[in-house]
Visitor: 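I have a structure I would like to understand better, so I am pasting it below and will then ask my questions one at a time.
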Amino acid sequence: MDLGSLQLSAETADLKRSVMRDLLSLAVDPEIISLAGGLPASELLPVKALRRSFESVLARDARRSLQYSPPFGPLQSWIAQWMTGRGVSCDPEQVFITNGGQQGLAILSRLFLARGQPAVIEAITFTGIQQVTAGRGASVRTIPTNLIDGADMQAFEAALAEEPRPALAVLIPDFHNPLGVSLSSEKRALAAQLAARYQVPLIEDDPYSALRFAGEFCPPIKAHDQAGFVFYVGSFSKMVAPAMRLGWIVASPALLPQITVLRESLDIESSALIQRVIADFLESGSLEPHLQQLNQANHQRCLALLEALERHLGDVATWTQPEGGLFVWVTLMPEIDAWRLFPRAVEAKVAYIPGSAFAVNGGHHNTMRLNFSNLAPEKIQLGIRRLAAVVRQAV
Ligand SMILES: Cc1ncc(COP(=O)(O)O)c(C=O)c1O
């Protein structure tokens, strides 16, 4: 529809079309091997266990499950205990249930950040983080991310210290989207200290940490937070299933009234049914075996991708070495433009996301994000063979 004389609000006036959606819709041809998405493996979604939980909740508690209702206490308790086991001791009341991690980001952004205020984000970051900062009219200060140990803490400190002080900062600590890298333990401790020293609320956006398939568990930034400046955002999307649309925020108790009111302005509350189903799934011990199976498959798929990259693109590209999550970040020779290459890749029946789609300040034309979680290893190998042929034509 032509907007004609419709006036958009200040917050939406600058919003652009989602490039990512356009790219993903290009890759729906079943012949195309899509390394573009960010989906967990469809065939590994815990269908049986979720069906059991749906049936059991509806048999036990249908009326309350289908009503408006306050946050489901047993779910908050399970999450609080899980977070405590991961080094973030918190009470169930501090766990605010959301409809996915993105809603957590949107709520916290509205809580702290007004149009025109500075926000600190990584120069290459998940588009949903760009939407709740730059997309809401913030003046963003970007920091580089080291491809071995995560966000550059010197740049982070400089960005926090600059006047006017930023109203918000956001980091992705584990298996970064799109970079695949994780923030080192030392940097996590430092990030929490810096947020407290400069009194800047720091969102720790963590949908991926349960998807570790190699290396050692590393406690979240929030585990180092003495002063209450770190706001942890979790999600069941990748751990269980994206369509459950359930996540959580761990926040200081003092802010819960404001968070609750802000959230009510968006969609009132999370589904009582879905909260009970997820709680049943968790309490019946279904998470652990599911994660084991999922992470084992992701590991094999990631190895298949890394081996194929080595074999077919080893002389013209470098890439990150993720220990979990869903993505590998590939850097090609500087003269290669992944956007320009994209139509030829689609013709050759392979798709990826050009890295510049994640670059807040533009640039990074010679990069791409590859997903390994939603394809069998043979498909991944074939996809990289096709991709390599297209890249080689361009060299
Ligand atoms: C880094 C990051 N944060 C947040 C989200 C939001 O996920 P959801 O709203 O499904 O929990 C995603 C989804 O891909 C993501 O990659």
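Whatever order the structure lists them in is the order used to number ligands and atoms, beginning at 1. Sequential numbering from 1 along the given sequence is applied to the chain's residues.
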Visitor: May I ask you to decide whether D315 forms a salt bridge with R392, counting only side-chain N to carboxylate O separations under 4.0 Å?
Guide: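 Here D315 pairs with R392 in a salt bridge, since their nearest N and O are under 4.0 Å apart.
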Visitor: For ligand 1, give me the residues whose heavy-atom distance to it is below 4.0 Å, by chain and number please.
Guide: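 For ligand 1, the residues that come within the 4.0 Å heavy-atom cutoff are G100, G101, Q102, F126, I172, N177, D205, P207, Y208, S235, S237, K238, R245.
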Visitor: Is it true that the side chains of N298 and S373 contain a donor and an acceptor less than 3.5 Å apart?
Guide: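 Per modelled atom types, N298 and S373 side chains form no pair under 3.5 Å.
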Visitor: Kindly say whether the aromatic ring centers of F112 and F231 come within a distance under 6.0 Å.
Guide: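 Distance test on ring centres: under 6.0 Å, yes.
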Visitor: Of I278, V57, D61, which is the lone residue that meets side-chain contact (heavy atoms from CB on, under 4.5 Å) with L273?
Guide: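 Checked I278, V57, D61 against L273; only one passes side-chain contact (heavy atoms from CB on, under 4.5 Å): V57.
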Visitor: Would you tell me whether S209 and R86 have side-chain atoms, one donor and one acceptor, within less than 3.5 Å of each other?
Guide: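 The answer is yes; a qualifying pair exists.
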Visitor: In plain terms, say whether R52 and D280 are close enough for a salt bridge, that is, a side-chain N and a carboxylate O under 4.0 Å apart.
Guide: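 Salt bridge absent between R52 and D280.
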